[in-house]
K.L.:
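Shown below is the structure under consideration.
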2 protein chains.
Amino acid sequence: MVQRKSGHVTLVDVARACGFSVSTVSIVLSEAPLSQNIAPSTRERVQVAARQLGYHPDAYARSLRSRRSQTIGVLAYDLSDPFCVPIVRGIQAALQPACFLPLLIDAQTKRSLFDACMTMILERRAEGVIVIASWVFEETNLLADVRKNGVPMVIVSRDMTDRGISSVLVDNEAGGALALRHLSQLGHRRIAVIRGPEKMFDSEPRWAGIQSAARKAGIRFDPKLVFQLPGLAGPDSGFEEGLLFSRQMLACGRPFTAVLAFDDLTALGVVRGLTEAGVRIPDDCSVLGFDDVFPAAVATPGLTTVRQPLRDMGMQAAEWLLHAIESRDPGAGKPLRKSPLLSKVRPELVVRQSSAPPPRNLGKNQKGALPALDTPLRQGR
Amino acid sequence: MVQRKSGHVTLVDVARACGFSVSTVSIVLSEAPLSQNIAPSTRERVQVAARQLGYHPDAYARSLRSRRSQTIGVLAYDLSDPFCVPIVRGIQAALQPACFLPLLIDAQTKRSLFDACMTMILERRAEGVIVIASWVFEETNLLADVRKNGVPMVIVSRDMTDRGISSVLVDNEAGGALALRHLSQLGHRRIAVIRGPEKMFDSEPRWAGIQSAARKAGIRFDPKLVFQLPGLAGPDSGFEEGLLFSRQMLACGRPFTAVLAFDDLTALGVVRGLTEAGVRIPDDCSVLGFDDVFPAAVATPGLTTVRQPLRDMGMQAAEWLLHAIESRDPGAGKPLRKSPLLSKVRPELVVRQSSAPPPRNLGKNQKGALPALDTPLRQGR
DNA sequence: ATGCCTGTTTAAAACGTTTGAACTATCGGT
DNA sequence: ACCGATAGTTCAAACGTTTTAAACAGGCAT
């Protein structure tokens, strides 16, 4: 047993153990092209020694020398939001075969941390960065640094192509339309809507999609039944807000047979609030979410929602990045700043049990919370 | 503007820009003790230059030199399991102030990946490893390598002190007892149980806790109402199994007024199954989960469950590791293999809406699925 | 003997930091 | 005029790799 000074087994240790030079050992173990010229017997002896000592090459030294970290920084705004996880998973899946490691960092929805995280990523010499940001993230001087150091970057769930950053996100307009069309086809005419926070990117286009689909279906919204989430902090806050709004809906006395919520968590809050008031879902009222996040699938009733292909979005982002890295690599030319890419992926309606045709006549157990419809309903086509 | 060969700004660049030597620049920017002796004017000029160029020290070079990676490898068995996230969060929280970065890796419940991940962690020279493993993870030769290289390790959610690895996990026995006692205090006597998979660590002690509490309360289980999950693969499988078992429960014709599920996802499956069969929760039947995972809180009705303080568990693990690293650091002595630490943290009952006293007399909308109780019920003390 | 292949192996430089030791001035004291 | 201090700055070596170019040993033809 060799007495090592530091804790880890190094090339020197292996070299000493098998009697060859460091160079030879390196060539063999890294399977460099030169290893073709190494005598098979030598190869064998080197490998045996390495295995015996439990040698693992030092990624730091290797990266330092090769100027490649084989790492992509992934900055998630909040890992405890079930929205993030599938995206991260997708990124991982795409990175795996290319032997890249995601350096996953959770900004915990704190602006201050965001900066620190970006610094980390830059210091660790990530070859690319993916930012998962559904929330407000203003530009920071760090962003300039990312540029300055020529690190390619993709943002998920927000369109920043206008600032030169490639973006992959869901087609919010189509998604909003999808949700509304589903409700109108079921026969709903009086629909309450909870819009997203003003500062959040998705809010506006999603609402636009809803409105245009509503226009086409001849549906008008009762302004008293249109709500808007305040800026949201953390995934539980959506639930709380939904709960609150559902109570307001019932309290304001306007008739409605469906609620279209901004996202799944808000929708789940609405489900809770309505249920507690004795409204049965979907018999008395339908509830729709958006995102198709894990809790939406395991809730009862299962939440009808508009699915974002989060995993695919993550994969897309990762693949763009890999491609950018690869194409810049050989020429060593400057970043080759092409125009930023944009992918608006198509959302998909997932029908579960929380949506159904509106009630024909209202039951008596509703204490007048849901005023009777004044128009006879048409069954969905 | 200096023309750099590689993409990143280095000390040399800064040195050239401000006219001082690399050493001086390094001393200033790393705020080494020697920087006391540097003239304030120099300091100023160096800092300005660094900022202007967007310099970030190269963590790789730094680590190589200092032999410290400031990194803890975190190997999660499956990030898409909501069980993992709070633990990871706790780890992060504990690591932050010590300026350690978690190197988060997701093994995606695949054995093969597990090995690759461990290799990654070793190569990246993590100074410690935390394994989050609620699932079967047999010993692998990698574990030996971890040893050989003297990397301290903690495992969360499994007791491996017998193999010399420090462990932090919930007191499953106490948790099981807590759940059962809650039901018995509400007056339930006929309780269906879904036990954990045979190969999973938590299953046995949790069941033991349930049994001993049942004995004390004078409750006996109907063997036909005791189920056992098969080995589980992925977080959705728990839900599916719960759904299936709930149907079996109803089909077998034995009376029960409560279901005690192995974990929250299984419980949510049960809720779905019972609800679909027209059983109202909690009026006709109570359902209990375990873990207090995010979906349990946002489901309707909110799931009564036994909470694992996951975040605290993560913090505990991280703190042990930091301590081990710190205490080994100065002496450069051998790993100082003390006996492994063990922390069984206390679980906590979280009462939500899915539990209530058993029904006095059974409603008629149950189609005989829940046969009538033969004993008059006592209200919980 | 010298020169030139061919097939193996190695020396040495480089990657970007940090740091103990060495180098300059400058100055007060003898 | 010389010796020490002291403040300010720089040299050079090291961390563990990878890789270019060179060294080395035989064998064969000149």
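Just so we're on the same page: letters track the sequence lines, and every chain starts at 1.
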K.L.:
Atom CG of B:L11 to atom P of D:dT9: distance rounded to whole Å?
P.N.:
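Going from B:L11 (CG) to D:dT9 (P), I get 16 Å.
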
K.L.:
Let me know the distance between CZ of B:R62 and C1' of C:dC15, rounded to the nearest Å.
P.N.:
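Atom-to-atom, B:R62 to C:dC15, this comes out as 16 Å.
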
K.L.:
With sequence neighbours excluded, tell me which residues meet side chain to side chain donor-acceptor pair (under 3.5 Å) with A:S35.
P.N.:
none

K.L.:
D:dT10, D:dT18, C:dT17: which one has an atom nearest the side-chain heavy atoms of B:S21?
P.N.:
D:dT10

K.L.:
Which one, D:dG16, C:dT10, C:dG16, comes nearest to the side chain of A:I27?
P.N.:
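Per side-chain heavy atoms of A:I27, the pick is C:dT10.
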
K.L.:
Heavy atoms under 4.0 Å, any strand shown: does A:S66 hit a base, just sugar-phosphate, or nothing?
P.N.:
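No contact.
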
K.L.:
Got a donor-acceptor contact below 3.5 angstrom from the A:Q108 side chain to the A:D78 backbone?
P.N.:
no

K.L.:
Return the nearest nucleotide to the side chain of A:S23; candidates are C:dT19, C:dA11, C:dC15.
P.N.:
C:dA11

K.L.:
Nearest to the side chain of B:R65 - C:dT17, D:dT17, D:dT9?
P.N.:
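Selected nucleotide: C:dT17.
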
K.L.:
Does the A:S63 side chain pair with the main chain of A:Y60, one donor and one acceptor, at a distance under 3.5 Å?
P.N.:
no

K.L.:
Rounded to the nearest 0.5 Å, what separates atom OH in A:Y77 from atom OG1 in A:T109?
P.N.:
7.5 Å

K.L.:
Checking all strands, does A:Y60 fall into the base, sugar-phosphate, or nothing category for heavy-atom contacts under 4.0 angstrom?
P.N.:
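Contact class for A:Y60: none.
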
K.L.:
Mind checking what makes ring pair (Phe, Tyr, Trp, His ring centres under 6.0 Å) contact with A:F100, not counting sequence neighbours?
P.N.:
none

K.L.:
Under 4.0 Å, heavy atoms only, any strand: does B:S63 hit a base, just the sugar-phosphate, or nothing?
P.N.:
nothing

K.L.:
When the distance from NE2 of B:H56 to P of C:dT17 is rounded to whole Å, what number comes out?
P.N.:
12 Å

K.L.:
Does A:S30 have any side chain to side chain donor-acceptor pair (under 3.5 Å) partners at least two apart in sequence or in another chain, and if so, which?
P.N.:
none

K.L.:
Taking the side chain of A:T24 as its heavy atoms from C-beta onward, which of C:dT10, D:dT17, C:dT17 lies nearest to it?
P.N.:
C:dT10

K.L.:
If I take atom CZ in residue A:R16 and atom P in nucleotide D:dG16, what distance separates them, rounded to the nearest angstrom?
P.N.:
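Rounding to the nearest Å, CZ of A:R16 and P of D:dG16 are 11 Å apart.
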
K.L.:
A:D13 has an atom CG; how far is it from atom P of D:dG16, in whole Å?
P.N.:
8 Å

K.L.:
Sub-3.5 Å donor-acceptor pair from the side chain of B:S21 to the main-chain atoms of B:T24, do we have one?
P.N.:
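Answer holds: yes.
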
K.L.:
For the helix from C:dA1-D:dT30 to C:dT30-D:dA1, what angle separates the axis at the start from the axis at the finish, each from five pairs, in steps of 10°?
P.N.:
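One end's axis against the other's: 100°.
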
K.L.:
Of all the nucleotides listed (D:dT18, D:dT10, D:dC15), which has the minimum atom distance to the side chain of A:S30?
P.N.:
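Of the candidates, D:dT18 comes closest.
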
K.L.:
Atom CZ of B:R45 to atom P of D:dG8: distance rounded to whole Å?
P.N.:
14 Å

K.L.:
When you measure from the side chain of B:S66 to the backbone of B:R62, do you find a donor-acceptor pair of N or O atoms at a distance under 3.5 Å?
P.N.:
yes

K.L.:
How many Å lie between CG on B:L29 and C1' on C:dG16, as a whole number?
P.N.:
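From B:L29 CG to C:dG16 C1': 13 Å.
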
K.L.:
Just the rounded figure in Å: distance from P of D:dC11 to CZ of B:F20.
P.N.:
13 Å

K.L.:
For DNA chain D, determine which residues of residues 31-44 of chain A have any heavy atom closer than 4.0 angstrom to one of its atoms, and list them numerically.
P.N.:
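Heavy-atom contacts with DNA chain D come from A:L34.
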
K.L.:
On the nucleotide C:dG16, are OP1 or OP2 found under 4.0 Å from the side-chain N or O atoms that A:R67 carries?
P.N.:
yes

K.L.:
Closest to the A:D58 side chain: C:dT17, D:dT10, D:dG16?
P.N.:
D:dG16

K.L.:
A:E319: which residues meet the side chain to side chain donor-acceptor pair (under 3.5 Å) condition with it, sequence neighbours left out?
P.N.:
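Testing A:E319 for side chain to side chain donor-acceptor pair (under 3.5 Å), a comparison that skips the adjacent residues, returns none.
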
K.L.:
Any donor and acceptor pair, going by atom type alone, linking the side chain of B:R67 with main-chain N or O of B:L64 inside 3.5 Å?
P.N.:
no

